[in-house]
Every structure is written in C-alpha cells, then in structure tokens.
Visitor: 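Pasting a structure below so you can have a look.
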Amino acid sequence: MLSDRDGKEDMDRLSDLPDLVLLHIMKFMSMKHAVQTCVLSTRWKELWKRLSNLALHSSDFTNLAHFSKFLSWVLLNRDSSISLHSLDLRRKGCIDHELLDMIMGYAVSHDVQQLAIEVNLNAKFGFKLHPSIFSCKSLTFLKLSIWAVPWMTELPSSLQLPALKSLHLEHVTLTAGEGDCAEPFSTCHMLNTLVIDRCNLHHGAKFLCICNSNLSTLTIGSTIQETPYKFILSTPNLRSLSVMRDPIHQLSACNLSLLEQVNIDVEAYFDAHFQRTHLALISLLQVLADYAKIMILSSSTLKILNGLSTSGSMITQIPCFVQLKSLKLKMKSSSNISDEGVSRIVEYLIIKCPVAKVDIINC
C-alpha cells in the first residue's frame, strides 16, 4: 500500500506531464470519462475541451435523453478553435435526426478528418443527411451505418470528397443522376478502400457503377432489395475484392488485370434461394476466373459448391482459374462438408492450375 505522501507524489507526477501527453491519454477514454476528469484539479478543469478525438457512445448513458443532453453540452462547451481529428458516434437505439444533423454540421465546420456514424435513425420519410458532409474537403475516412426505413437516408448522386481514402457505407440509399445508373464514387480521386453493405438503389436505378481509377480494396456485402441490382466495376487498380453474405447476382468488369486476392464468404439462407444463389455464385466465379491469383473461400461458400458438385451438371459450369497460385479454404467445425466433398471442389477449382497451393484454415 502506498502511503498518503507517496500517493500525492504520484498525483503530482501525473499533473506535471505536458498537456499533449495528458490529451493523448484521454484519447483512449470515452467522452463521458474524459469530461469527468475536470473534477480532478484545476489543472484538468479545461483540458478535455481541447480534445481532437471525440468518442460519443450511448452505452455510457441510461437513456437517449441523457445521451442527447450530454452531446449538446459537449459540442457547446468544447474549445471551438481546435480542429477535429476524429468523431465516433454510436447509438444502438434510435436517435433523432435533428441531433444527428447538428453533430454532422459541427464535424464539418471543425474540419473533421475521420467520421464514423453508427446509429438507428428516428426520422420522417424523405430525410436527407446533412449535405455538407458529402463535400467536406478534410475528410479522409467516412463510415455511415444508418439503419432506417428503406429509401430514407439518401446520399447524393455524386460525392465531392477530394481527400477521402476510406469509405464504409451500410444501410444507406444510393441515388442515380440521370438515367438508371448510380455512380457516386468517381469524383473521390483519393479513394483506396470501399465497403458497401445492405445498401439500396433509389427507385428507378438498376445499376451501381463503381468507377474509380485509384480504388484498391473493395468489399461488397448483401443488398436488401428484393430484386438485386447489377454491379459494374471500372476499377483498373483493384487488387482485393471481397464478396460477403450474398453472391453478386450480376457483375460486369472492364479491367481487373491487377486483381490479386478474391475473398468469397456467401450463404444461401433459405431453401427457396438455393437455385438463385447457385447461379449467382457460378456467374461471379466466371467473371473473376481470369484474374484471381489468391482465392479465399469460406465453409459456407464451399457448402454451396458442394451442393453443385452433387447435382451433376451445374458443377461443370465452374470456370478454370488459370492464374490461381493459392487457394485458401476457411473451414468451420459446423460446416458439415465431408473431406471427399472438399477434395472434389478443390479438384474442379485447380484443374488447370496444378501449381496452386491449397491451404485449409480451421476457424
């Protein structure tokens, strides 16, 4: 046990640290705990106001009213001369659109570089996110995961984000300019990483064109539309493609000559969807067959392919991966695929590339 004197000396040593060090320590706290440091001493009273990283998480509060009041108080009392490096807003329950609008406006006006919004939205039909967020010149990272009634949280047809390097979109609606094709990413010239999951296309749009000459890493999750839309890739520098949950039902690509790694982790959720999922998976493999050098397949994907192999004719439609160097199979103990079934799938996949290395990863 430390004596009272030793404890005071420890506290003195902490208080003697430079402001930059103390602010760095506070960066790893939730915003609620960071604000609470103001009671430690006069030295700490104003320190939290200079934080450039704001972690605003509702899990620290008992209800939305307390959380909303705290957010408003923090933004009102923070030192407005300090630019924001990052703002991370998370709310598991619903949040009012007025509060979300205020937070986004504050972030943009303080030159935020990294913005992550993960909320359920309580808003009226036709609500649009704060428009300035899609023309913010300082943003390098943007994550929007906003669950609401479909068609509610619309993005503009073009994103004017010149510094953006990483974009993660979930539960949002993409809109087309003219015609039936949405093409929102072509003006993000620094974009390197893109994740799209559970996103809609606005009424009338049938195609999502991912056109970007700098994009290197692309992840496509499931769509939540009953009629899947078609993906068009114009990504000459794409090196990694991941397809998660639902196979892309229609995919066309102009040039994927630099594509190195393909990661496919898809499922057929209902018996009624098996046939459609089979056809979509075959179509996807046929598009990627001439390019993939490293291919990672999940146990759920292997289960679908195993179903094809036992059905007879459809397995012959699996293409030959002529450039394949490495095939990695991520197996779960619950996959219920026999060793014989796995061997049959591997044989079809590497039939024309005997130099391919096969690794089985238990997970």
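All values derive from a computational prediction rather than experimental measurement. Heads up: numbering here begins at 1 and tracks the sequence.
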Visitor: State whether the side chain of Glu170 and the backbone N or O of Asp197 hold a donor-acceptor pair below 3.5 Å, judged by distance alone.
Guide: no
Visitor: Answer yes if Val266 and Ile296 sit in the same cluster of Ile, Leu, Val, Met, Phe, Trp and Tyr residues linked by side chain heavy atoms under 4.5 Å apart, and no otherwise.
Guide: no
Visitor: Drop me the distance from Lys49's NZ to Leu51's CG, to the nearest 0.5 angstrom.
Guide: 12.0 Å
Visitor: Given side chain to side chain contact (heavy atoms under 4.5 Å, CB included), test Leu164 with Thr140 step by step and report yes or no.
Guide: CA-CA 4 Å; Leu164 193 69; Thr140 61; 5.7 Å; no
Visitor: Heavy atoms, side chains only, cut-off 4.5 Å: are Trp48 and Val74 in contact?
Guide: yes
Visitor: Check whether any side-chain N or O of Asn255 sits under 3.5 Å from a backbone N or O of Ser257 as a donor-acceptor pair, and report yes or no.
Guide: yes
Visitor: Donor-acceptor pair, Lys293 side chain versus Leu259 backbone, under 3.5 Å?
Guide: yes
Visitor: Rounded to the nearest 0.5 Å, what separates atom CG in Leu201 from atom NZ in Lys230?
Guide: 13.5 Å
Visitor: Can you confirm whether Met104 sits close enough to Leu129 that some side-chain heavy atom of one is under 4.5 Å from a side-chain heavy atom of the other?
Guide: yes
Visitor: Under 3.5 Å, is there a donor-acceptor pair between the Ser300 and Asp265 side chains?
Guide: yes
Visitor: Within the distance-only criterion (no hydrogens, no angle test), does the side chain of Lys32 pair as donor or acceptor with the backbone N or O of Asp60 below 3.5 angstrom?
Guide: yes
Visitor: Which residues satisfy the salt bridge (charged side-chain N to carboxylate O under 4.0 Å, His left out) test with Arg50, sequence neighbours excluded?
Guide: Asp19
Visitor: Does atom NZ of Lys303 have more than 12 heavy-atom neighbours, drawn from other residues, nucleotides or ligands, at distances under 6.0 Å?
Guide: no
Visitor: Quick check: closest heavy atoms across Val358 and Leu329, and the distance to 0.1 Å?
Guide: CG1-CD1, 4.5 Å
Visitor: What do the steps show when you test Glu347 against Arg344 for salt bridge (charged side-chain N to carboxylate O under 4.0 Å, His left out), and what is the final call?
Guide: CA-CA 5 Å; Glu347 181 181 352; Arg344 185 166 54 247; over 6 Å; no
Visitor: For a quick test of reading the model, state the closest non-hydrogen atom pair linking Leu115 to Ala107 and the distance between them.
Guide: CD1-CB, 4.3 Å
Visitor: Would you say Ile210 and Ile232 make side-chain contact, with heavy atoms under 4.5 Å?
Guide: no
Visitor: Do Asn212 and Thr235 have side-chain N/O donor and acceptor atoms under 3.5 Å apart?
Guide: no
Visitor: Any side-chain donor-acceptor pair under 3.5 Å between Asn237 and Ser216?
Guide: no
Visitor: Okay, side chain of Thr301, backbone of Ile264: is any donor-acceptor separation there less than 3.5 Å?
Guide: yes
Visitor: What distance do Ser30 atom OG and Asp88 atom CG have between them, rounded to the nearest 0.5 Å?
Guide: 11.5 Å
Visitor: So do the side chains of Asn263 and Val243 get within less than 4.5 Å of each other, counting heavy atoms only?
Guide: no
Visitor: I'd like to know if Leu241 and Ile282 are part of one continuous hydrophobic network [Ile/Leu/Val/Met/Phe/Trp/Tyr, side-chain heavy atoms within less than 4.5 Å].
Guide: yes
Visitor: Quick one: OG on Ser145 to CG on Leu121, what's the gap to the nearest 0.5 Å?
Guide: 11.5 Å
Visitor: Using the rule that two of Ile, Leu, Val, Met, Phe, Trp, Tyr join whenever any of their side-chain heavy atoms come within less than 4.5 Å, decide whether Leu139 and Met102 are in one cluster.
Guide: yes
Visitor: Once you round to the nearest 0.5 Å, how far does SG of Cys38 lie from CG of Leu47?
Guide: 10.5 Å
Visitor: According to the interplanar angle, ranging from 0 to 90°, do the rings of Tyr106 and His110 count as parallel (below 30°), tilted (30 to 60°) or perpendicular (above 60°)?
Guide: parallel
Visitor: Under 4.0 Å between a side-chain nitrogen and a carboxylate oxygen: does that hold for Glu260 and Arg239?
Guide: no
Visitor: State, without any angle test, whether Ser59 and His57 hold a side-chain donor-acceptor pair at a distance under 3.5 Å.
Guide: no
Visitor: Is there a path of hydrophobic side-chain contacts, each under 4.5 Å between heavy atoms of I/L/V/M/F/W/Y residues, joining Phe141 to Leu56?
Guide: no
Visitor: Assigning hydrophobic clusters by single linkage (Ile, Leu, Val, Met, Phe, Trp, Tyr; side-chain heavy-atom cutoff under 4.5 Å), is Leu324 placed with Val346?
Guide: yes
Visitor: Show your working on side chain to side chain contact (heavy atoms under 4.5 Å, CB included) between Lys165 and Asn214 and close with a plain yes or no.
Guide: CA-CA 9 Å; Lys165 296 180 180 179; Asn214 193 62; over 6 Å; no
Visitor: For His66, look at atom NE2 and say whether over 12 heavy atoms of other residues, nucleotides or ligands are found less than 6.0 Å away.
Guide: no
Visitor: Could you tell me whether the side chain of Thr173 and the main chain of Asn200 form a donor-acceptor pair under 3.5 Å?
Guide: no
Visitor: Check Leu302 against Ile345 and note the closest heavy-atom contact, atom names and distance.
Guide: O-CD1, 3.3 Å
Visitor: We want to know whether Thr187 and Ser158 form a side-chain donor-acceptor pair, criterion being a heavy-atom distance below 3.5 angstrom.
Guide: yes
Visitor: Determine the minimum heavy-atom distance between Met26 and Ala34, stating which atoms define it.
Guide: CE-O, 3.5 Å
Visitor: Okay, side chain of Ser326, backbone of Ile294: is any donor-acceptor separation there less than 3.5 Å?
Guide: no
Visitor: Taking C-beta and beyond as the side chain, do Leu191 and Ser166 meet within less than 4.5 Å on heavy atoms?
Guide: no
Visitor: For the pair Ser138 (side chain) and Val112 (backbone), establish whether a donor and an acceptor sit closer than 3.5 Å, ignoring hydrogens and angles.
Guide: yes
Visitor: Walk me through whether Thr37 and His33 qualify under side chain to side chain contact (heavy atoms under 4.5 Å, CB included).
Guide: CA-CA 7 Å; Thr37 62; His33 293 150; over 6 Å; no
Visitor: Partners of Lys143 by salt bridge (charged side-chain N to carboxylate O under 4.0 Å, His left out), sequence neighbours excluded?
Guide: Glu118
Visitor: For ring-ring contact (aromatic ring centres under 6.0 Å, His included), just list the numbers for Phe134 and His130, CA-CA rounded to whole Å, side-chain angles, deciding distance to a tenth of an Å, and then say yes or no.
Guide: CA-CA 8 Å; Phe134 302 112; His130 200 290; 9.4 Å; no
Visitor: Please assess Leu349 against Leu297 for the test side chain to side chain contact (heavy atoms under 4.5 Å, CB included), listing each intermediate value before the final yes or no.
Guide: CA-CA 11 Å; Leu349 290 172; Leu297 301 179; 3.6 Å; yes
Visitor: Less than 6.0 angstrom separating the ring centers of Phe70 and Phe61, yes or no?
Guide: yes
Visitor: Could you tell me if the side chain of Ile103 sits less than 4.5 Å from the side chain of Leu75, heavy atoms only?
Guide: yes
Visitor: Does Leu84 offer a backbone N or O that forms a donor-acceptor pair with the side chain of Ser52 under 3.5 Å?
Guide: no
Visitor: To the closest 0.5 Å, what do you measure between CD1 (Ile361) and CG (Asp359)?
Guide: 6.5 Å
Visitor: Counting only heavy atoms not in Asp339, do more than 12 fall under 6.0 Å of its CG?
Guide: no
Visitor: Any idea which heavy atoms bring Ala176 and Asp180 closest together, and the distance?
Guide: CB-C, 4.4 Å
Visitor: Under 3.5 Å, is there a donor-acceptor pair between the side chain of Thr217 and the main chain of Ser240?
Guide: no
Visitor: Can you name the closest pair of heavy atoms from Cys209 and Cys181 and give their distance?
Guide: CB-SG, 3.6 Å
Visitor: How about Leu87 and Gln114: do any of their side-chain heavy atoms sit closer than 4.5 Å?
Guide: no
Visitor: Measure the shortest side-chain to side-chain distance between Leu194 and Phe185 over non-hydrogen atoms and say whether it is less than 4.5 angstrom.
Guide: yes
Visitor: Can you find a side-chain donor-acceptor pair between Ser252 and Gln250 that sits under 3.5 Å?
Guide: no
